[in-house]
Amino acid sequence: MLEDVPLPRGAAGPWHSEAACRRDEAGLFFAPSKEPTAARLSREEAAKRVCARCPVMLQCREHALAQPEPYGVWGGLTAAERRVVLARRRRREAELATAVGRIAAAG
């Protein structure tokens, strides 16, 4: 969760006040309607480069996963990549719950 990810040393206020993307154009992180695939991929890679140098990338990513944010590049992940992360988390949680249930039943 967001509160579990520490802010960078010296950061004050909400995590997003330290975000590298605050200095970039929002259009870099969100697709215009009917954007051609090649342009979208190029734009997303440029947005991910900004995320890669961001001191609060992990906080941003966890925010986008917790909401969940349905659009844009957040924390270095596209919406599709975030859906994959969320599906993996749900699967892992279900596997853990099943394992705990088996251990309790055997106990």
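Bear in mind that the values here come from a model prediction, so they are computed numbers and not experimental data.
A donor-acceptor pair is defined here as one N or O able to donate and one able to accept, closer than 3.5 Å; no such pair exists between the side chain of Arg40 and the backbone of Glu35. Here the side chain of Ser42 pairs no donor or acceptor atom with the backbone of Ala38 at under 3.5 angstrom.
Closest of all the heavy-atom pairs between Pro70 and Ala79 is O-CB, 3.3 Å. For the pair Gly76 and Cys51, the tightest heavy-atom approach, listed with the atom from each and the gap, is N-SG, 3.3 Å. Scanning both residues, Cys54 and Ala20, for their nearest heavy atoms gives SG-N, 3.3 Å. A pairwise comparison of heavy atoms in Arg43 and Ala31 identifies NH2-CB, 3.2 Å as the closest pair.
Taking 4.5 Å as the limit, some side-chain heavy atom of Arg89 sits within range of a side-chain heavy atom of Leu65. A 4.5 Å side-chain heavy-atom check between Trp15 and His63 finds at least one atom pair inside the cut-off. Inter-residue side-chain proximity for Glu62 and Gln59 is flagged as unmet; no heavy-atom pair is nearer than 4.5 Å. The shortest distance between side-chain heavy atoms of Val56 and His16 does not fall below 4.5 Å. Contact check for Arg61 versus Trp74: no side-chain heavy atoms found under the 4.5 Å cut-off. Put simply, the side chain of Thr78 reaches to within 4.5 Å of the side chain of Lys48, judged on heavy atoms.
A distance of 11.0 Å separates CD in Glu44 from CG in Leu77, rounded to the nearest 0.5 Å. Rounding to the nearest 0.5 Å gives a distance of 11.0 Å between OH of Tyr71 and CZ of Arg82. Separating the CZ atom in Arg49 from the CG atom in Leu28 is a distance of 8.5 Å, to the nearest 0.5 Å. The distance from the SG atom of Cys60 to the CD atom of Glu18 is 13.0 Å, given to the nearest 0.5 Å. Distance CD/Glu95 to CZ/Arg90: 13.0 Å, rounded to 0.5 Å.
Cluster annotation: Val85 and Met57 are assigned to distinct hydrophobic clusters (Ile/Leu/Val/Met/Phe/Trp/Tyr, side-chain heavy-atom contacts under 4.5 Å, transitive). Under the 4.5 Å side-chain heavy-atom criterion for grouping Ile, Leu, Val, Met, Phe, Trp and Tyr, Val73 is not connected to Leu41 through any hydrophobic cluster.
Within a 6.0 Å radius of CZ in Arg53, other residues, nucleotides and ligands contribute more than 12 heavy atoms.
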